There are 2 protein chains.
Amino acid sequence: MSKTRPSTEAPAKPARSRRVAGRAASAKTLEPRAPASRAERSAERRQAIIEAALDEFIARGFAATRLDDIARRAGVAKGTIYLHFKDKESMFEELVRTVIVPLVGRIHAPPQPGGTVRDAVEGVARMFIQEIASTRRGDIVRLIVAEGPRFPAIADFYYREVVSKGLAGMRALIELGIARGEIKEKGLARFPQIVVAPALIAVIWQSLFNKHAPLDAVEMLRVHLDLIFGERRTA
Amino acid sequence: MSKTRPSTEAPAKPARSRRVAGRAASAKTLEPRAPASRAERSAERRQAIIEAALDEFIARGFAATRLDDIARRAGVAKGTIYLHFKDKESMFEELVRTVIVPLVGRIHAPPQPGGTVRDAVEGVARMFIQEIASTRRGDIVRLIVAEGPRFPAIADFYYREVVSKGLAGMRALIELGIARGEIKEKGLARFPQIVVAPALIAVIWQSLFNKHAPLDAVEMLRVHLDLIFGERRTA
DNA sequence: TGACAATGACTGACCAGTCAGTCATATAAC
DNA sequence: GTTATATGACTGACTGGTCAGTCATTGTCA
């Protein structure tokens, strides 16, 4: 197999000619082609670049991704990228940050006062599958695993913002579960990773082996919760 | 005829202490560049290239690794690489295969007739930590996760040779454990991944987050086994 | 000596990053 | 309201460097 050819599969916006630019469609609700203000259009561009870059980085990894492809996919000239990002490397870092941050907000499971701990953990698991495993964010997780060692800044950030916070939250839940007698295995509080592990496996499986053997992530997580909390009553 | 080679008056074999055992005894009496037969020397070269390439690929990933670096590290000219491998891509694939194959042999845990299932699984876990998590093979696993999507051939191979076999073996153990009453959670037989997940997490953690928060993999796996088999008797 | 192995300078493709120039928009002046 | 000027977002051809892969030459073994 020779070098992977440029990705033309994407709806690469035809380089819109300058004369028409003023009428370029914008995503405004009513006006299909309202000429947004400079700031607005600039923000739109930046967003388009981020989306495109994400696709390319996920598909090819950092080193093999060409800025020309990102530019084409974003419907933008290559130079424009450098108006928004310092260079390829910091673009990658900033990119991951940008996409991860909103994900962090959803991490801390709100432990409803009334419910059981199992309900809370189940909620986290459901959220994880819906929001991460079955979306592009799952690929981001894989991307971090893949490029982390070469981007210590990203690995650090990810540990600080996601891993440590997520595990801390999970540990709190586990301790509550132990206190309430829902969880028998006390050692779990020291290794919340065990509770999370199958979810991560699901993400990796998804992008590597799913075509060989589809994995029912929901069912797997259910079994895992049964393992931790004991068989669920409703069978 | 002075050697034009810059700094390598003898085929520099820098960091290659791995399999010198056989030659170690005679290393003092014989010239380092022992007059081995052509075939032997060729095989040695090939092995050196594989070792070097592995180091580089692990450190940099596929795309960012330079063949010049591999050649230098292997104490070999770049052209020599092409006497042994078709191109960079097939070198990478063949490489992973070469390193994985001996690993596969160790996968099928020998279920000792006398012991408990827990003993058997513990043996697998111990083997995993010794042979994979704490060696360079762990990095290979990460490498596969990282580059898998861009090297379907490798992902396929890995699934066929390692994942499916490993999971099948684990499933057999689980079913035995269920039959013997050692394992309560029957659903585990459908998702052997759950049993293996923490081990994989340990590998990933190792290369990404260990400097932030060292993870005691042995202890974590023990807790996980407690979770599956119930508290161990000896406490 | 003949056959084969090894070398490393070389080539050509490829690509990150640059920058002089363009033009739509914003602002000021009339 | 209309025209003139200023701004800066955007462009894409270009540069300089890098690197996979080649091959004529050199070295080595049988």
Side-chain angles (χ1 to χ4, degrees), chain A residues 1-7 12-26 33-49 53 56-57 60-72 74-92, chain B residues 1-13 31 33-46 48-49 53 56-57 60-92:
Chain A
M1 194 201 315
S2 57
K3 292 239 175 343
T4 32
R5 287 281 74 210
S7 68
K13 282 189 181 173
R16 30 54 153 310
S17 88
R18 233 178 286 284
R19 13 182 42 91
V20 205
R23 299 142 170 272
S26 86
R33 45 191 55 221
S37 76
R38 276 189 178 177
E40 281 168 3
R41 287 180 41 83
S42 178
E44 264 173 33
R45 283 271 157 89
R46 188 191 163 89
Q47 193 54 33
I49 292 170
E56 293 289 333
F57 281 132
R60 302 200 196 316
F62 175 78
T65 290
R66 280 158 299 177
L67 290 191
D68 289 285
D69 287 348
I70 294 177
R72 192 177 322 132
V76 146
K78 186 157 68 162
T80 305
I81 293 176
Y82 288 89
L83 298 176
H84 293 275
F85 303 94
K86 181 172 148 288
D87 58 12
K88 191 184 179 186
E89 196 153 317
S90 60
M91 173 168 73
F92 181 75
Chain B
M1 46 140 117
S2 64
K3 307 204 165 187
T4 33
R5 246 182 312 171
S7 61
T8 19
E9 71 282 12
K13 26 185 76 174
E31 267 292 276
R33 48 154 68 234
S37 77
R38 276 191 176 178
E40 280 167 6
R41 285 178 45 83
S42 175
E44 262 174 33
R45 283 269 159 90
R46 189 190 163 89
I49 292 170
E56 294 290 330
F57 281 132
R60 300 197 191 331
F62 175 77
T65 290
R66 282 160 303 197
L67 291 190
D68 290 283
D69 288 348
I70 295 177
R72 191 177 322 130
R73 188 187 277 255
V76 146
K78 186 158 67 162
T80 306
I81 292 175
Y82 287 88
L83 299 175
H84 292 275
F85 302 94
K86 181 173 148 288
D87 58 12
K88 191 183 177 186
E89 200 154 315
S90 60
M91 174 168 73
F92 181 74

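Per chain, numbering begins at 1; letters A, B, ... match sequence-line order. Values in this document were obtained by computation on a predicted structure and should not be read as measured data.
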Where is the tightest heavy-atom contact between A:E56 and A:T65, given as atom of each residue plus distance? O-OG1, 3.2 Å

Rounded to whole Å, please give me the gap between CZ in B:R60 and P in D:dT18. 14 Å

side-chain N/O B:K88 vs D:dA20 OP1/OP2, d < 4.0 Å: yes

Could you give the CZ-to-C1' distance, from A:R72 to D:dA13, as a whole number of Å? 15 Å

Please report, rounded to the nearest Å, how far the P atom of D:dC19 is from the NZ atom of B:K78. 9 Å

Contacts of A:E89 that satisfy side chain to side chain donor-acceptor pair (under 3.5 Å) - sequence neighbours left out: none

Got a second to check how far A:R46's CZ is from A:L83's CG, nearest 0.5 Å? 11.5 Å

Angle of first-five versus last-five pair axes in the helix from C:dT1-D:dA30 to C:dC30-D:dG1, to 10 degrees: 10°

Can you measure B:Y82 atom OH to D:dC19 atom P for me and round it to whole angstrom units? 13 Å

Nearest whole angstrom, please: distance from the C1' of C:dA16 to the CD of A:E56. 15 Å

Compile the donor-acceptor pairs under 3.5 Å between side chains in residues 75-82 of chain A and protein atoms, sequence neighbours left out, one pair per line.
from	atom 1	to	atom 2	distance (Å)
A:K78	NZ	A:D68	OD2	3.4
A:T80	OG1	A:A77	O	3.3

Which pair of non-hydrogen atoms, one from B:A74 and one from B:A48, has the smallest distance, and what is that distance? CB-O, 3.7 Å

Atom pairs, N/O to N/O, protein against nucleotides 6-9 of chain D, distance under 3.5 Å?
from	atom 1	to	atom 2	distance (Å)
D:dT7	O2	A:R38	NH1	3.3
D:dT7	O2	A:R38	NH2	2.9

Grab the CD1-P distance between A:I81 and C:dA16 for me, whole Å please. 9 Å

Which residues in residues 63-71 of chain B have a heavy atom closer than 4.0 Å to any atom of DNA chain C? none

Of all heavy-atom pairs between A:I70 and A:M91, which one has the smallest distance, and what is that distance? CD1-CE, 3.6 Å

Could you tell me if the side chain of B:F85 sits less than 4.5 Å from the side chain of B:I49, heavy atoms only? yes

Suppose we screen for salt bridge (charged side-chain N to carboxylate O under 4.0 Å, His left out). Which residues come up paired with A:D87, at least two apart in sequence or across chains? none

Hey, can you tell me if B:F62 and B:F57 have their rings parallel, tilted or perpendicular (30° and 60° cut-offs)? parallel

